[in-house]
Every structure is written in structure tokens, then in C-alpha cells.
Peer 1: 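I have a structure here, written as C-alpha cells, and I will follow up with some questions on it.
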Amino acid sequence: TAAPDLAGRHVVVSAGGTREPLDPVRFLGNRSSGKQGYALARTAAARGARVTLVAANTALPDPAGVDIVRVGTAVELREAVLAAARDADAVVMAAAVADFRPAVYAAGKIKKKDGKEPEPITLVRNPDILAEVSGDRVRSGQVIVGFAAETDDVLANGRAKLKRKGCDLLVVNEVGEAKTFGSETNEAVVLGADGSETPVPHGPKEALADTVWDLVAERLA
Ligand code: C5P
């Protein structure tokens, strides 16, 4: 059993992937399964934390001993994370949040019209929740962690993203269609705003989660 080094702490974890509706039956989504976020929630609870898990469209069973808030879109996820962050010691944004959403939501199902080309889909930006939570720091000493899935120049892009977002730690992993998403395992490097670089060898998502909590606990202490 884990040492209760997060006892008395409230941590917020986002998990899964947002869905941005086009009409009542269609959405823009992504391949996130939610497994890494759930592993973070479970391991934090095992280490004594009070956990709020904000879950976007996952098919996973509710983990025992955590408060779960289910959301659909990026806008809903933002509301839930900001509300829970108000009294949180740490916020870990493991969810895959859509950068864009359709500009228009069609109240009725979009139909194909005989002999006509489809209408293009116009997108607008979603709020960047990680950047917002990092900028707010509603509670002093809060530790904010982001995730970055990169396909190339993983470390350089990760460093740039860490700066841009303003978070304390950024977990960077290399992704491809067959890598990471839906898988039980992960391999990553955790970059710190203090310049630190913590490689996490290929292994179960729980192992990566425990490394993240080690680094968070160090910064809370
Ligand atoms: O910019 P990018 O999507 O690569 O950043 C990934 C990190 O930022 C993740 O931690 C994700 O949860 C968070 N994010 C967010 N709001 C967005 C987009 C990403 O909080 N709109």
C-alpha cells in the first residue's frame, strides 16, 4: 500500500475526451479512453487525497472513493474544473480537450441535399482550461499539471508548451494511432517549470500516475 503522502489534500483530475456537437446526433471527438486520468484518480485516492474526477465521455466504471463529475463538451469541462479547482491543492489536466468546436450547433439533424455539395464546417476556439487554471492560481501554492501528446520534436514542443500554458509540470508523450490511446501502458517524460526532466519508462498507466503524484507531492511539501 502507498504512503498517504496526499492525505488532507484535494486534487482535481480531468479525464477522457470532450465531444463537440454538430447536431443532435453528431460530434467532433478524439481517441482518448480516459484510462490515464482514471489511473491518476485511483492512485491519488490510494495515497490519501480527496479526489474530484471530471470525466468526459469515458466508458470506464466509476472508481471507488472519488467524487466523479461527468461532462460532455470543453465548455462543460471548464465549468466543472474551475469549480473544483477553487479549493484544490493540485489540478491535473489529463483530458483531451478539443481545441475547436463547431461555430454553429444545428438544432435538427443535418441532412444531405440531392445534387448539392455539403456545407463546410466552421470551427471556433475552445477556452484553454489548462492555461486558465495556471493563470488563475486561485489558491497559493497550487500545483498545476498538463499533458501533451506530441507526434514529433517531443521535448522541444513540450518545453514550449509548458511555458505557453504556465503550468508547473507537463507530461509529454509521443502518440500515434497505435500508441497510447486506449492502451494500458504509457511512456513519457515529465517536464518541470524548474527545468527538471523526469523520464518514465514504458509501463502501466498507474506507474506514470504515481510518478506524477511524487512530483506533485514534492512541490506541495
Ligand atoms: O494545447 P494542447 O491541446 O496540446 O495541450 C494539452 C494540455 O492542455 C492537456 O493537459 C489538456 O488537458 C489541456 N487543454 C485544455 N484546454 C484546451 C486544450 C487543452 O485544458 N482547450
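Atoms within each ligand, like the ligands themselves, are counted from 1 in listed order. All values derive from a computational prediction rather than experimental measurement. Residues take their numbers from the sequence shown, with the count starting at 1.
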Peer 1: Does any N or O in the side chain of E150 come within less than 3.5 Å of the main-chain N or O of V172, such that one atom is a donor and the other an acceptor?
Peer 2: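 No, the answer is negative, given that no donor and acceptor are paired below the 3.5 Å cut-off.
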Peer 1: Would you say N157's side chain and D152's backbone share a donor-acceptor pair under 3.5 angstrom?
Peer 2: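 Answer holds: yes.
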Peer 1: With a 4.0 Å cut-off on N to O distance, would you call D23 and K111 a salt bridge?
Peer 2: no
Peer 1: Let me know which protein residues bring a heavy atom to under 4.0 Å of ligand 1; chain then number is fine for ordering.
Peer 2: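 Residues M93, A95, V97, A98, D99, P127, D128, I129, L130, G146, F147, K161, K165 each place a heavy atom under 4.0 Å from ligand 1, listed by chain and number.
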Peer 1: Less than 4.0 Å between a side-chain N and a carboxylate O, is that true for D214 and R47?
Peer 2: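 Salt bridge present between R47 and D214.
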Peer 1: First locate atom CD1 of I144, then atom CD1 of I129, and finally report the distance between them rounded to the nearest 0.5 Å.
Peer 2: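 Those atoms lie 12.5 Å apart.
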Peer 1: I'd like a table of donor-acceptor pairs (distance under 3.5 Å, sequence neighbours excluded) in which one partner is a side-chain atom from residues 86-96, with atom names and distances.
Peer 2:
{"unit_1": "D87", "atom_1": "OD1", "unit_2": "H10", "atom_2": "ND1", "d": "2.8"}
{"unit_1": "D87", "atom_1": "OD2", "unit_2": "R50", "atom_2": "NH2", "d": "3.0"}
{"unit_1": "D89", "atom_1": "OD2", "unit_2": "H10", "atom_2": "N", "d": "2.8"}

